[in-house]
Amino acid sequence: MKATLGTLDFSLLYDQENNALHCTINKAKGLKPMDHNGLSDPYVKLHLLPGASKANKLRTKTLRNTLNPVWSETLTYYGITDEDMVRKTLRISVCDEDKFRHNEFIGETRIPLKKLKPNQTKNFYNCLEKQLPIDKTDDKSLEERGRIMISLKYSSQKCGLVVGIIRCAHLAAMDANGFSDPYVKTYLKPDENKKSKHKTAVKKKTLNPEFNEEFFYEIKYAELSKKTLEVTVWDYDIGKSNDFIGGVSLGINANGERLKHWFDCLKNKDKKIERWHTLTNELPGSGFND
């Protein structure tokens, strides 16, 4: 009979309208003791697979000296799309916090998100398993670096494109403190005169910044279909060059959600259309620096 690692009681809810995945970690029972006193100091951490671990790790608080912890904590992922719900798996790990050594892994469970129905809470009571290998076949060339919410509107009154940089979620951490100081740049390309650059304010020490800034590009409606909107997120560093966090390009040459968002904007003049997009580590365009 194999030694049991314990069981975990949790529930998941995909709020489709708000693009949010709520993970409520209720409690664990009968955890395997990890410390000399026959107890553990357990906490739970979440990862979405595939994806950059730093950009999408959430964790509960640590509870001291217990094998039957009750967390009753809800952790939320923002910017989750229907596509994610088909493609991604939530990995839930229970670990033992250690002041002097590496934190130790106790056990994990994985839930393919396609098991969830939108807007219905699903309860789980799972036995923890040993660490499962992470599938390395994922295309690492396009590592996820977080999410960004962008709004687009073609204003026929002002004859131009209004680009809204609303917020980002789960950005990859760039600084030693585990955070970033993010800001966003936008370009409308091709851009011979290099006049199309806009920049948001820098938000200090956060991986979930809210910008709520709008930029205006004066452009004839007919010209829009030839243009590409490049949006890049950077980590501001004093005294040295800023780090590139991730980017996304919207336009006629894009595909998937990025193309659809652009088309929906062209199709619906004077209507503001908001969408979440995945940032990847690919620098759009070439010769692209700050």
Does [X] [atom1] have over 12 foreign heavy atoms under 6.0 Å away?
| X | atom1 | result |
| --- | --- | --- |
| Phe263 | CZ | no |
| Glu83 | CD | no |
| Lys220 | NZ | no |

Working to the nearest 0.5 angstrom, can you tell me the gap between [X] [atom1] and [Y] [atom2]?
| X | Y | atom1 | atom2 | result |
| --- | --- | --- | --- | --- |
| Leu171 | Thr206 | CG | OG1 | 7.5 Å |
| Lys199 | Phe215 | NZ | CZ | 10.5 Å |
| Leu46 | Leu48 | CG | CG | 8.0 Å |
| Trp262 | Ser249 | CH2 | OG | 10.5 Å |
| Tyr183 | Ile165 | OH | CD1 | 13.5 Å |
| Ile150 | Ile273 | CD1 | CD1 | 13.0 Å |

Is it the case that the side chain of [X] and the backbone of [Y] share a donor-acceptor pair, with hydrogens and angles ignored and the cut-off at 3.5 Å?
| X | Y | value |
| --- | --- | --- |
| Asp41 | Asn65 | yes |
| Asp96 | Pro42 | no |
| Asp35 | Asn37 | no |
| Thr200 | Val184 | yes |
| Asp235 | Pro182 | no |
| Asn208 | His170 | yes |
| Asn68 | Gly30 | yes |
| Ser40 | Met34 | yes |
| Asp237 | Asn242 | no |
| Asn103 | Asp98 | yes |

If the threshold is 4.0 Å, N to carboxylate O, is there a salt bridge linking Glu257 and Lys260?
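Judged by the 4.0 Å cut-off on N to carboxylate O distance, Glu257 and Lys260 do not form a salt bridge.
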
Under a 4.0 Å N-O cut-off, is there an ion pair linking Glu97 with Arg64?
yes

Under a plain distance cut-off of 3.5 Å, with no hydrogens placed, do Arg145 and Thr280 share a side-chain donor-acceptor pair?
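Per modelled atom types, Thr280 and Arg145 side chains form no pair under 3.5 Å.
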
Any chance you could lay out the side-chain contact (heavy atoms from CB on, under 4.5 Å) test for Leu128 and Leu31, step after step, and finish with the verdict?
CA-CA 9 Å; Leu128 295 172; Leu31 292 179; 3.7 Å; yes

Are side-chain heavy atoms of [X] and [Y] found at a separation under 4.5 Å?
| X | Y | answer |
| --- | --- | --- |
| Leu152 | Leu229 | yes |
| Arg110 | Leu49 | yes |
| Cys168 | Arg147 | no |
| Pro50 | Arg87 | yes |
| Thr89 | Pro112 | yes |
| Asp243 | Ser180 | no |
| Cys127 | Thr4 | no |
| Arg91 | Lys57 | no |

Taking all non-hydrogen atoms of both residues into account, name the closest pair between [X] and [Y] and its distance.
| X | Y | value |
| --- | --- | --- |
| Ser11 | Asn123 | CB-OD1, 3.2 Å |
| Ala20 | Thr76 | CB-CG2, 4.1 Å |
| Gln131 | Phe105 | N-CE2, 3.3 Å |
| Leu39 | Thr66 | CB-N, 4.1 Å |
| Lys158 | Ser155 | N-OG, 3.1 Å |
| Ser196 | Asp191 | OG-OD2, 2.9 Å |

Before you tell me yes or no, could you show the steps for Arg167 and Tyr78 under side-chain contact (heavy atoms from CB on, under 4.5 Å), namely the whole-Å CA-CA distance, both residues' side-chain angles and the distance that decides it to 0.1 Å?
CA-CA 10 Å; Arg167 59 192 288 203; Tyr78 296 100; 4.0 Å; yes

Tyr221 vs Tyr154 aromatic rings, parallel, tilted or perpendicular, using cut-offs 30° and 60°?
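Tyr221 and Tyr154: perpendicular rings.
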
What class does the angle between the rings of Trp234 and Phe244 fall in, given that below 30° is parallel, 30 to 60° is tilted and above 60° is perpendicular?
perpendicular

With His261, the side chain to side chain donor-acceptor pair (under 3.5 Å) member among Glu274, His277, Arg275:
His277

Side chain to side chain donor-acceptor pair (under 3.5 Å) partner of Tyr14, the single match among Asn119, Asp84, Thr121, Asp82:
Asp82

Could you see if [X] belongs to whatever hydrophobic cluster contains [Y]? Use Ile, Leu, Val, Met, Phe, Trp, Tyr and a side-chain cutoff under 4.5 Å.
| X | Y | result |
| --- | --- | --- |
| Val231 | Ile166 | no |
| Ile92 | Leu113 | yes |
| Tyr125 | Leu90 | no |
| Val162 | Leu224 | no |
| Val163 | Trp276 | no |

Set out, in order, the CA-CA distance, both residues' side-chain angles and the distance that settles side-chain contact (heavy atoms from CB on, under 4.5 Å) for Lys203 and Glu210, then state yes or no.
CA-CA 8 Å; Lys203 299 292 176 185; Glu210 293 206 20; 6.0 Å; no

Trace of the side-chain contact (heavy atoms from CB on, under 4.5 Å) decision for Val44 with Phe10
CA-CA 11 Å; Val44 175; Phe10 60 99; over 6 Å; no

